[in-house]
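To start, the structure itself, in C-alpha cells.
A quick note: this is a predicted structure, and the numbers were derived from the prediction, not measured.
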Amino acid sequence: MRKPRSAFHPWRSLAAIVFVSSAYAPFAAFAQNQSGKSEDWVRMAIENACATDNTDGLSLQTQLPGAWYLNSERSPAGHPVDRSEFIFALPDGHELRLIYTRLNGALRRFTADLYRSLDNGKDLQPVMQAQADGACTVRSARRIVREDDENMSLEQLSPDLNEVMWAEPYQASWPAGRDPGGARVALVDSGLAYDLPFFRNRLARDSAGIPLGYDFWDLDDLPYDGDTARNLFQPVRHGTPVASIVAREAPNAALIPFRYPRPDMTRMADVVARADQSGARILSMPLGSRREADWLAFEAAMRARPHMLAIVSAGNDGRDIDADRLWPAALPLENMIVVTSSDAFGHLADGSNWGQESVDLMVPAENQQVVDFRGSEGRASGTSYAVPRIVALAARILEKRPDLSTADLKSEIFKRATEPQKPGLVAIGWILDPDRD
C-alpha cells in the first residue's frame with residue numbers, strides 16, 4: 001500500500017474547534033446536497049478555487065463549501081517560483097491539498113490532490129489528483145482504485161473527470177509460476193511489474209512457491225514498480241525495463257525484486273541483508289545520488305558480506321565522477337563493479353559519466369531492447385541499462401560455476417574487457433558483447 005505522508009497535523013484539533021464553534025453553515029449544506037465522490041471535490045476545486053489570487057486559506061475555504069481549512073505552506077519570499085499549498089479537512093474523512101505554482105506572479109499550474117485518512121488517523125491513502133494549467137484547463141487527472149489490499153489500479157480520467165481513458169496497475173498480487181532455478185539476483189530499483197507474463201517464471205520463490213522480494217519503501221511484501229518520490233499519481237517505472245534485460249540475457253536467473261527505501265536510505269542495510277538471506281550473491285543497482293550519507297549503511301552492509309557483488313551505475317550527468325563524486329559509485333568497495341554506457345563502437349555514450357578510478361567498465365547500453373511495465377517492447381538508453389548487462393553476465397557465470405569467489409567472479413568479467421576507443425575513461429575497459437559466453 002502506498003503511504004505518501006503522515007496525516008497527523010498538530011494544528012488539526014484547533015482548526016476543528018474554531019470551525020465547529022463558529023457553526024460553519026456551508027458544511028451542513030454540502031453534506032446534505034453533495035455526493036462527496038472524489039471527482040466532486042476535485043471538480044469543485046478546479047472550478048471554484050483554481051483562478052483565485054487569494055492566498056489566505058480562510059478566504060479560500062469559502063469557495064469549498066464543507067471544507068475545513070487546516071494549514072498552508074508557501075515558498076520563501078523572493079523565490080522565482082511561488083508555490084503555495086493549502087490543506088483542508090473534508091467531512092467524509094478525506095483531505096484536500098491545493099497547490100498553486102506561479103512564475104513571476106502568473107499562475108502556471110494548479111494541482112488538487114485528494115487523500116483518504118486511514119483508520120489509524122495518522123496515514124493517508126492517495127485517492128485522486130488533477131493538474132490544470134494557468135487557464136484552469138485540466139491537463140491530467142488520475143484516480144487510484146483499490147480492488148482489495150493487494151490489487152490497485154491507476155485510472156487516467158478525461159479532462160471533465162467523467163470518463164476513464166485507460167487504467168494501469170498500481171500494485172498487484174504475486175502471480176503463480178515457477179522458480180527458474182538459476183543464480184539468484186537481487187534487483188534493487190523502483191520495483192518490478194512482476195504480474196507480467198514475461199516475469200512470472202523468472203521470479204525466485206520459496207519452498208511454498210511464493211516469490212521472494214520486499215518493498216523497502218512502503219515496508220510491505222509487494223514491491224510493485226513505481227518511484228513515487230516526485231508524484232504519487234505519476235509513478236516512474238524504472239525497475240521493469242532494467243529487469244527485462246537481465247531476464248533476456250540471463251534466462252535462467254532467478255529475480256528477487258526490492259523496491260529501494262527512498263524515505264529512509266539507512267534501510268539499504270536491510271536490503272543487502274535480505275538479499276543475502278534469500279540466496280542472492282548479485283545485486284543489480286542502477287541507482288545513485290550526490291549524498292554520500294545515503295549510502296553509508298549500504299557500504300557497511302556490503303563490507304560485512306564479501307561473498308556478494310553489487311553492480312552499480314556510473315550515472316548520466318556527463319561528468320567525471322572521480323572529480324565530482326556520485327554515490328554509491330564512488331565507494332571504495334572491492335565487491336562492487338561500476339559500469340557506464342558506450343555506443344556499439346566503444347565510444348562513451350553522450351551524457352554518460354566516466355572516471356578512470358571510479359568506473360570499471362563500459363558496455364553498449366544505447367537503444368537496448370526492453371519490456372516496459374505494460375509489457376510493451378521498447379528501447380532505452382543510459383548507464384542504468386549498462387548495469388543489467390553485466391548483472392546478466394555475472395549470473396550466467398555463477399550458474400555454471402557457483403563456487404566462484406567474488407574476486408574470481410570479477411576477474412572472469414574483467415578479462416572480457418578490451419581497450420575502449422578513448423583511453424583514460426574507465427579503469428578496466430570495454431566489453432563489446434556481454435550477452436555472449
Side-chain angles (χ1 to χ4, degrees), residues 1-6 183-192 194 203-204 206 210-229 238-239 242-243 246 253-315 321 325-339 358 360 383-384 387-388 390-391 394-395 398 405-407 409-410:
M1 180 185 300
R2 303 289 187 249
K3 295 180 277 290
R5 65 189 88 178
S6 172
R184 292 189 167 186
V185 174
L187 305 172
V188 186
D189 208 323
S190 60
L192 179 68
Y194 45 73
L203 302 173
D206 63 18
I210 305 301
L212 305 176
Y214 193 75
D215 186 336
F216 283 92
W217 189 316
D218 285 345
L219 302 179
D220 63 36
D221 294 323
L222 298 170
Y224 203 81
D225 193 3
D227 186 328
T228 55
H238 185 264
V242 171
V246 181
L255 309 180
I256 308 174
F258 294 118
R259 189 163 174 251
Y260 83 108
R262 174 66 179 266
D264 182 0
M265 290 297 287
T266 63
R267 296 176 194 160
M268 284 299 300
D270 298 327
V271 174
V272 175
R274 187 146 179 165
D276 189 15
Q277 293 164 6
S278 300
R281 288 191 55 197
I282 306 167
L283 286 83
S284 173
M285 294 189 47
L287 305 170
S289 73
R290 287 179 174 265
R291 283 175 45 85
E292 182 181 9
D294 286 345
W295 300 98
L296 297 180
F298 166 76
E299 180 182 14
M302 288 299 294
R303 287 192 186 280
R305 295 171 176 82
H307 59 285
M308 301 181 75
L309 177 64
I311 316 296
V312 172
S313 57
I321 62 172
R325 296 297 184 92
L326 182 79
W327 284 272
L331 293 174
L333 289 171
E334 291 296 323
N335 53 341
M336 186 174 76
I337 295 175
V338 180
V339 296
S358 301
D360 297 300
T383 65
S384 288
V387 168
I390 297 301
V391 167
L398 275 185
S405 67
T406 299
L409 177 57
K410 286 181 65 175

ask   = Are the side chains of L287 and V188 in touch, meaning some heavy atoms are under 4.5 Å apart?
value = yes
request  = Locate the shortest heavy-atom distance separating A329 from M336; write the atom from each residue and the value.
outcome  = O-CE, 3.7 Å
task = Walk me through it: do F216 and Y260 pass the test ring pair (Phe, Tyr, Trp, His ring centres under 6.0 Å)?
result = CA-CA 6 Å; F216 283 92; Y260 83 108; over 10 Å; no
key: Test item: F298 and L333 side chains (from C-beta on) under 4.5 Å apart, heavy atoms   = yes
message = On a heavy-atom basis, which atom in S284 and which in V185 lie closest, and how many Å separate them?
response = CB-CG1, 4.5 Å
task = Might you point out which heavy atoms bring D189 and H238 nearest each other, and give the distance in Å?
result = OD1-ND1, 2.8 Å
request  = Begin with the C-alpha distance, continue with both residues' side-chain angles, and end with the deciding distance and a verdict on side chain to side chain contact (heavy atoms under 4.5 Å, CB included) for Y224 and D215.
outcome  = CA-CA 8 Å; Y224 203 81; D215 186 336; over 6 Å; no
remark   = I256 and A280 have their tightest heavy-atom pair at CD1-CB, 4.1 Å
inquiry  = Can you tell me which residue among N335, D276, T406 is in a side-chain hydrogen bond (donor to acceptor under 3.5 Å, both in side chains) with H307?
reply    = D276
key: Result of checking D225, D218, D221 against R259 for salt bridge (Lys or Arg N to Asp or Glu O under 4.0 Å)   = D218
ask   = Quick one: CG on D227 to CZ on R262, what's the gap to the nearest 0.5 Å?
value = 6.0 Å
query = Any luck finding a side-chain donor-acceptor pair between D294 and S289 under 3.5 Å?
reply = yes
